[in-house]
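As structure tokens, the structure follows; a few thoughts come after it.
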Amino acid sequence: MEITQQNNSDLIWDIDRMRDRDWAQKFVLQFENVLCVFSGTVGQIYTNYSMHFPEDYNRNLVILPNPYAFHDTFNHVNEESVTATGFHIIPGKVINKQGLLMLIKPKDPDAPAKPIPMNRAMQVLNSMRTEDDPFLPVLVKGDLKPFQDKVPCLHLHRLRLPFLSPRITGFEKKELKRVIQTKMQALAKM
């Protein structure tokens with residue numbers, strides 16, 4: 001299997017740290033085409049892709065952008081415009097709840113992160129941002145990780161529009177924002 005013509009290693013995620021690989025696979029597949037994927041190696045955000053766990057890659061996660069949807073790939077996205085959030089998505093069954101939860105760290109640095117249902121978490125995160133710098137979640141290599149050493153979770157990064165390269169036009173910024181915000185509606189319903 002050839003990943004891309006440019007040997008984009010950011011699209012091969014090692015999941016060896018996951019104790020229950022099957023659970024990790026099922027968990028991450030829920031987010032296929034719901035969260036966009038950023039590759040700093042090639043400076044691209046993929047909005048249309050598929051996730052695979054091929055034997056020839058040791059059943060690690062391989063993300064394959066849709067080659068027929070080149071218009072769903074955004075180019076010239078610089079690494080400085082994508083930052084870690086410290087927010088994590090976990091399965092609700094970890095605390096005997098339904099669906100997915102997001103762990104959001106409170107303002108008090110000594111307080112523990114609080115699990116919040118996804119729809120409420122999206123409302124909270126959207127209310128904390130401005131129109132020029134909205135909350136636009138993306139995934140990067142390494143965001144699928146174990147929570148408490150056994151449960152799969154996803155760490156979220158976010159795209160910061162004010163820090164995008166000047167090579168990206170105003171139209172492209174608006175379109176990127178629109179696409180990610182549309183996908184966020186599906187995320188809020190999970």
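On a predicted model such as this, the values are computed, not experimentally measured, just so you know.
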Measure the spacing between [atom1] of [X] and [atom2] of [Y] and express it to the nearest 0.5 Å.
{"X": "E172", "Y": "N75", "atom1": "CD", "atom2": "CG", "value": "8.0 Å"}
{"X": "W13", "Y": "M51", "atom1": "CH2", "atom2": "CE", "value": "6.0 Å"}
{"X": "L100", "Y": "I90", "atom1": "CG", "atom2": "CD1", "value": "9.0 Å"}
{"X": "F135", "Y": "R129", "atom1": "CZ", "atom2": "CZ", "value": "7.0 Å"}
{"X": "N48", "Y": "C36", "atom1": "CG", "atom2": "SG", "value": "9.5 Å"}
{"X": "L29", "Y": "H52", "atom1": "CG", "atom2": "NE2", "value": "9.5 Å"}

Could you list the donor-acceptor pairs under 3.5 angstrom formed between side-chain atoms of residues 179-190 and any protein atom two or more places apart in sequence or on another chain?
from : atom 1 : to   : atom 2 : distance (Å)
T182 : OG1    : R178 : O      : 2.8
K183 : NZ     : N33  : O      : 2.7
K183 : NZ     : T47  : O      : 3.0

Original post:
Between D133 and R158, is there a side-chain N and carboxylate O pair less than 4.0 Å apart?
Top reply: yes

**OP:** Give a yes or no on whether a salt bridge exists between R59 and D22, defined as a side-chain N under 4.0 angstrom from a carboxylate O.
**Re:** yes

Any donor-acceptor N/O pair, [X] side chain to [Y] backbone, under 3.5 Å:
{"X": "D14", "Y": "D16", "answer": "yes"}
{"X": "Q30", "Y": "F27", "answer": "yes"}
{"X": "H88", "Y": "G86", "answer": "yes"}
{"X": "Q44", "Y": "T73", "answer": "no"}
{"X": "K177", "Y": "E131", "answer": "yes"}

Original post:
When clusters are formed by joining ILVMFWY residues with side-chain heavy atoms under 4.5 Å apart, either directly or through shared neighbours, do L64 and Y68 land in the same one?
Top reply: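 No, L64 and Y68 fall in different hydrophobic clusters.
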
Minimum side-chain heavy-atom gap [X]-[Y] below 4.5 Å:
{"X": "L11", "Y": "Y49", "value": "no"}
{"X": "L35", "Y": "L154", "value": "yes"}
{"X": "L161", "Y": "P134", "value": "yes"}
{"X": "L159", "Y": "L164", "value": "yes"}
{"X": "S9", "Y": "T41", "value": "yes"}
{"X": "D10", "Y": "V140", "value": "no"}
{"X": "Y46", "Y": "I63", "value": "no"}
{"X": "V151", "Y": "W23", "value": "yes"}

**OP:** For residues P152 and P91, report the shortest heavy-atom separation together with the two atoms involved.
**Re:** O-CD, 3.2 Å

Which side-chain N or O atoms in residues 108-120 pair as donor and acceptor under 3.5 Å with protein atoms at least two apart or in another chain?
from : atom 1 : to   : atom 2 : distance (Å)
D108 : OD1    : D110 : N      : 3.0
R120 : NH1    : Q123 : OE1    : 3.4

**OP:** Tell me yes or no: between the side chains of N78 and S165, is some donor less than 3.5 Å from an acceptor?
**Re:** no

**OP:** Take I15 and F53 through the side chain to side chain contact (heavy atoms under 4.5 Å, CB included) test and state the conclusion after the steps.
**Re:** CA-CA 10 Å; I15 62 169; F53 299 89; 4.0 Å; yes

Subject >> Test side chain to side chain contact (heavy atoms under 4.5 Å, CB included) applied to L125 and M102, step by step >> reply: CA-CA 11 Å; L125 294 174; M102 185 176 290; 3.5 Å; yes

**OP:** Could you go through the side chain to side chain contact (heavy atoms under 4.5 Å, CB included) check for V37 and V138 one step at a time?
**Re:** CA-CA 6 Å; V37 175; V138 295; over 6 Å; no

Subject >> side-chain hydrogen bond (donor to acceptor under 3.5 Å, both in side chains) contacts touching residues 139-148 (sequence neighbours left out) >> reply: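 Listed once each, the pairs are D143-H155, D143-H157.
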
